[in-house]
Every structure is written in structure tokens, then in C-alpha cells.
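Contents: one structure, followed by commentary.
None of these values were measured; they are calculated from a predicted model.
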Amino acid sequence: MKIAFVGKGGSGKTTLSSLFIRHLAAAGAPVVAIDADINQHLGPALGLDEDQAAALPAMGDRLPLIKDHLRGSNPRIASAETMIKTTPPGSGSRLVRISEPDAIYDACARPVELDGGAVRLMVTGPFTDADLGVACYHSKTGAVELFLNHLVDGAGEYVVVDMTAGSDSFASGMFTRFDMTFLVAEPTRKGVSVYRQYKEYARDFGVTLKVVGNKVQGPDDVGFLREEVGDDLLVTVGHSDWVRAMEKGRPPRFALLEDGNVRALETLRAAADATYGLRDWERYTRQMVHFHLRNAQSWGNERTGADLAAQIDPGFVLGEGVATPV
């Protein structure tokens, strides 16, 4: 299952995504965790120190390798240089599986040992001083989008992505890549403003969106969120001594997380798992093509000097039964 955590800056989306990742790992589920935020905080939230987090290989720096690997023997893609972030897979493309070895994992993923399990962690890489004025952050998240476009995941397998804050995620089609999007919102007017933007954008693309109320202190906060977001409110989370200890770098054993927060995480997993039966791989593939054509016409054809519409394989539908070329 592909799961995104979104929300405004400071909403607690990274904290909640890290708790969810720990919850899945403790249950023995295979998990790939991806930090796609411009502020790279997921590694530390999973217990890495500053040096360990800084040493993580950036997907954005390995984009040529990622493109060349995913291109495989697809005859519609002349070279890795003509691939852009939205390039969809086709016959001959290499597909990525959650639990199988892969060159992208070798280059970009590092195992993170957690209390009760382990996950693969990948990061886009930080936006550095060298990028200012000459690069767009979406050039880094493009590596994540390509990865998701070529990913085939099944029931009980999880990719959890900590997305960039606010509505910036809509600068590409990556927001349509997920089975479930959890929007983390504080019980304030600003806290629900990003929800309204997401709801409006997501409506036309069949994106499944649920709100996680964070920093909730009582019934009045719950009532405010329910009034603002209605039935999209899935669960609420309040103060956590476990989280406070984690933020100080001294997390207790994960088994000591408060019962109320454990139940909230169980609710998140149940909601995500329920979307498996709703999967429509034809729609998923059609949306990839839609955004690829938009990007090709907007800037991709000019930048690559190629007709990127020709990369689309009209007979190809991504799905769990598609074979991956060796």
C-alpha cells in the first residue's frame, strides 16, 4: 500500500508518519519509508543521529542511475536523458517490488533498525545552498515520483512517504500515486486550510483522503475539526509523553507508546488496508499518462528535445501481475 502523510509545516506530519512506520515495522510488515519533504526530518524521527541522517544517500543525486535502471529495455525510451519525472513504465521497463532486491534500493536505501523491526529508508536529499536560484526542489522529488510510477506493491506491503509541507505537493502528479493520503491537521483555522486545498485538488482524481487531527486537547478541538472537515476526520491524537521523549532523543521502547495512540495507529492501518480492495490499476496508469502528457507539453519536450508522448505504451497497464524484465 502506498501511503502519504501531508499537512502544513509544523502540523506534526513527520512525527505521525514516523510513528506509523514504527507501528508497521513492529507488526512485522515490510516497509519502505521515504522522506520527500524539503526539510529532511524523517531520519531523525526514526532515531538516526545528525551524522547518520546526513550520510543517507540522496535519491535526487542518483537520478541518472534511477532513470537508467527503470528504463530497462523499454524500446519507447531512447535514453535515460529523455526520461522526466512523470515518465510512465511500459513493456520492457523495470518495475520495483517492495520486498525484492533492486538496484535502486542498493543505491538509495539504507536499513534503519527500529524497536521491534526494521525498515528501508530513502530520502530525496536536502535543498542546499548550491541549489538556490538554479534548481527547483521538484527536480529532487522527481526521483520519488519515478520510483512510485514503477512500483508494484501488494497487500500487507507499505511505502510511507512524508511529503513536502502545504499544497506544494500538487506541483506534480505525485499526489495521485497513493492508495491513502493522511492529512495531518491541527484544530485551528490555519490547520484546516491545507485540507481545503487538498480536498479541492484531490476531488477530480479519486484521491482517498482522511484527516488525522493532531495536538487535540479536548472535545472542543474534536468538535472544531469535525465541523470543518466532516466525515473525512478519521482519528485524533493528543499529547504524548512518548513522543516528547523521542523528540529529546531518548525514546522509550515502542511497546510503551500510550494505548490511545496505539489505537489511533491501528485505525490508520485499518483505513489504509481497506483501500486495497478499491484499487483500479487502469485508472492509476491513466493518471500517470495524463500528468506525463501535461509535463511533456509544458516543458518536457523542449527540455529533452524529444516527443515524450511517444514514451507512452498504449497497451500497458501497471499491476501486480505484470512481469519484471531481468
Walk me through it: do L146 and T87 pass the test side chain to side chain contact (heavy atoms under 4.5 Å, CB included)? CA-CA 7 Å; L146 268 176; T87 296; 4.2 Å; yes
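- Atom CG of D220 is separated from atom CG of L225 by 10.0 Å, given to the nearest 0.5 angstrom.
- Contact of the P57 side chain with the R110 side chain is registered, since non-hydrogen atoms from C-beta on lie closer than 4.5 Å.
- Residues L148 and Y198 share a single hydrophobic cluster, defined by chaining ILVMFWY side chains whose heavy atoms lie under 4.5 Å apart.
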Contacts under 3.5 angstrom, residues 182-191 side chains, donor-acceptor by atom type, not counting sequence neighbours:
{"from": "E186", "atom 1": "OE2", "to": "K8", "atom 2": "NZ", "distance (Å)": "2.9"}
{"from": "T188", "atom 1": "OG1", "to": "G191", "atom 2": "N", "distance (Å)": "2.9"}

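- By the 6.0 Å contact criterion, CD on E266 is enclosed, its count of non-hydrogen atoms from other residues, nucleotides or ligands being greater than 12.
- V322 has its side chain out of reach of W281: every pair of non-hydrogen atoms, C-beta onward, lies at least 4.5 Å apart.
- For the pair L65 and A103, the tightest heavy-atom approach, listed with the atom from each and the gap, is CD2-O, 4.5 Å.
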Please tabulate, one pair per line, all N/O donor-acceptor pairs under 3.5 Å involving side-chain atoms of residues 251-258, not counting sequence neighbours.
{"from": "E258", "atom 1": "OE1", "to": "S240", "atom 2": "OG", "distance (Å)": "2.9"}
{"from": "E258", "atom 1": "OE1", "to": "N261", "atom 2": "ND2", "distance (Å)": "3.1"}
{"from": "E258", "atom 1": "OE2", "to": "S240", "atom 2": "OG", "distance (Å)": "3.2"}
{"from": "E258", "atom 1": "OE2", "to": "D241", "atom 2": "N", "distance (Å)": "2.8"}
{"from": "E258", "atom 1": "OE2", "to": "W242", "atom 2": "N", "distance (Å)": "3.1"}

Show, in sequence, the C-alpha distance, side-chain angles and deciding distance for L265 and L268, and conclude whether the side chain to side chain contact (heavy atoms under 4.5 Å, CB included) test is met. CA-CA 5 Å; L265 295 173; L268 296 185; 4.2 Å; yes
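- Atom CZ of R283 sits in a crowded spot, with more than 12 heavy atoms from other residues, nucleotides or ligands closer than 6.0 Å.
- Taking each heavy atom of K215 and S11 in turn, the nearest pair found is CE-O, 4.0 Å.
- The main-chain N or O of A80 is never found under 3.5 Å from a side-chain atom of D68 such that the two would form a donor-acceptor pair.
- Contact annotation: the side chain of I77 approaches that of N74 to within less than 4.5 Å [non-hydrogen atoms, C-beta and beyond].
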Assess the residue pair L114 and I21 against the criterion (side chain to side chain contact (heavy atoms under 4.5 Å, CB included)); give the C-alpha distance rounded to whole Å, side-chain angles, the decisive distance to 0.1 Å, and a yes or no. CA-CA 9 Å; L114 299 172; I21 290 164; 4.2 Å; yes
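- Follow the hydrophobic side-chain contacts under 4.5 Å out from L63 and you reach M174 in the same cluster.
- Side-chain contact check for Y158 versus K2: every heavy-atom pair is 4.5 Å or farther apart.
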Report the C-alpha separation of R62 and D106 in whole Å, then their side-chain angles, then the decisive distance to 0.1 Å, and conclude whether the salt bridge (Lys or Arg N to Asp or Glu O under 4.0 Å) test is met. CA-CA 11 Å; R62 290 156 178 79; D106 293 341; over 6 Å; no
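- Taking the ring axis of Y105 as reference, the NZ or CZ atom of R120 stays within 45° of it and closer than 6.0 Å to the ring centre.
- Note that OG1 of T304 and CE of M83 are 12.0 Å apart. Values are rounded to the nearest 0.5 Å.
- Considering only heavy atoms from C-beta on, D179 stays 4.5 Å or farther from Y276 through its side chain.
- The shortest non-hydrogen separation linking V237 to A264 is CG2-CB, 4.1 Å.
- Looking at residues two or more places apart in sequence or on another chain, you find no side chain to side chain donor-acceptor pair (under 3.5 Å) involving Q297.
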Before you tell me yes or no, could you show the steps for L151 and R97 under side chain to side chain contact (heavy atoms under 4.5 Å, CB included), namely the whole-Å CA-CA distance, both residues' side-chain angles and the distance that decides it to 0.1 Å? CA-CA 6 Å; L151 177 72; R97 310 275 173 166; over 6 Å; no
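- Nearest heavy atoms, A296 versus I84: N-CD1, 4.4 Å.
- Listed for the D35 side chain is a donor-acceptor partner under 3.5 Å among the backbone atoms of L42.
- Taking CE of M59 as the reference point, atom CG of L56 lies at 12.0 Å (rounded to 0.5 Å).
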Could you pull out all donor-acceptor pairs under 3.5 Å where a side-chain atom in residues 226-233 meets a protein atom, sequence neighbours excluded?
{"from": "R226", "atom 1": "NH1", "to": "G230", "atom 2": "O", "distance (Å)": "3.3"}
{"from": "R226", "atom 1": "NH1", "to": "L233", "atom 2": "O", "distance (Å)": "3.4"}
{"from": "E228", "atom 1": "OE1", "to": "R196", "atom 2": "NH2", "distance (Å)": "2.2"}
{"from": "D232", "atom 1": "OD2", "to": "Y195", "atom 2": "OH", "distance (Å)": "2.6"}
{"from": "D232", "atom 1": "OD2", "to": "K199", "atom 2": "NZ", "distance (Å)": "2.8"}

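- Proximity of P44 to E50: side-chain heavy atoms (C-beta onward) are nowhere separated by under 4.5 Å.
- A donor-acceptor pair under 3.5 Å is absent between the side-chain atoms of E200 and the main chain of Q197, judged by distance alone.
- With 3.5 Å as the limit, one finds a donor-acceptor pair spanning the side chains of Q311 and H292.
- Nearest heavy-atom pair, A271 versus L234, reported as atom, atom and distance to 0.1 Å: CB-CD2, 3.8 Å.
- Using a 4.0 Å cut-off between a side-chain N of Lys or Arg and a carboxylate O of Asp or Glu, E81 and K67 do not qualify as a salt bridge.
- By the neighbour-count criterion of 12 heavy atoms within 6.0 Å, atom CD of Q217 is sparsely surrounded, having that number or fewer from other residues, nucleotides or ligands.
- Taking OG1 of T86 as the start and CG of L308 as the end, the distance is 7.5 Å to the nearest 0.5 Å.
- Residues that satisfy the ring-ring contact (aromatic ring centres under 6.0 Å, His included) test with W299, not counting sequence neighbours, are absent from this structure.
- Rounded to the nearest 0.5 Å, atoms CD1 (I66) and CZ (F147) are 9.0 Å apart.
- By the 4.5 Å heavy-atom criterion applied to side chains, P89 and L318 are counted as neighbours.
- Hydrophobic clustering of Ile, Leu, Val, Met, Phe, Trp and Tyr side chains at less than 4.5 Å, counting indirect connections, unites L48 with M246.
- Smallest separation of non-hydrogen atoms from E157 and S99: OE2-OG, 3.6 Å.
- Cation-pi geometry between K85 and F291 is not satisfied (NZ or CZ under 6.0 Å from the ring centre, within 45° of the ring normal).
- Counting heavy atoms from C-beta on, the side chains of M1 and V159 never come closer than 4.5 Å.
- Looking only at distances, a side-chain donor or acceptor of Q287 sits under 3.5 Å from a matching main-chain atom of F205.
- Side-chain rings of F175 and Y201 stay apart, their centers remaining 6.0 Å or farther from each other.
- The distance from atom CE of M163 to atom OG1 of T124, rounded to the nearest 0.5 Å, is 11.0 Å.
- Under a 4.0 Å N-O distance rule, the pair R286/D280 does not qualify as a salt bridge.
- Grouping the Ile, Leu, Val, Met, Phe, Trp and Tyr side chains by contacts below 4.5 angstrom, directly or via other members, places L19 with V160.
- If you chain together hydrophobic residues whose side chains sit under 4.5 Å apart, M122 and V96 fall into the same group.
- Listed by first then second residue, pairs satisfying side chain to side chain donor-acceptor pair (under 3.5 Å) with a partner in residues 14-25 read T14-D162, not counting sequence neighbours.
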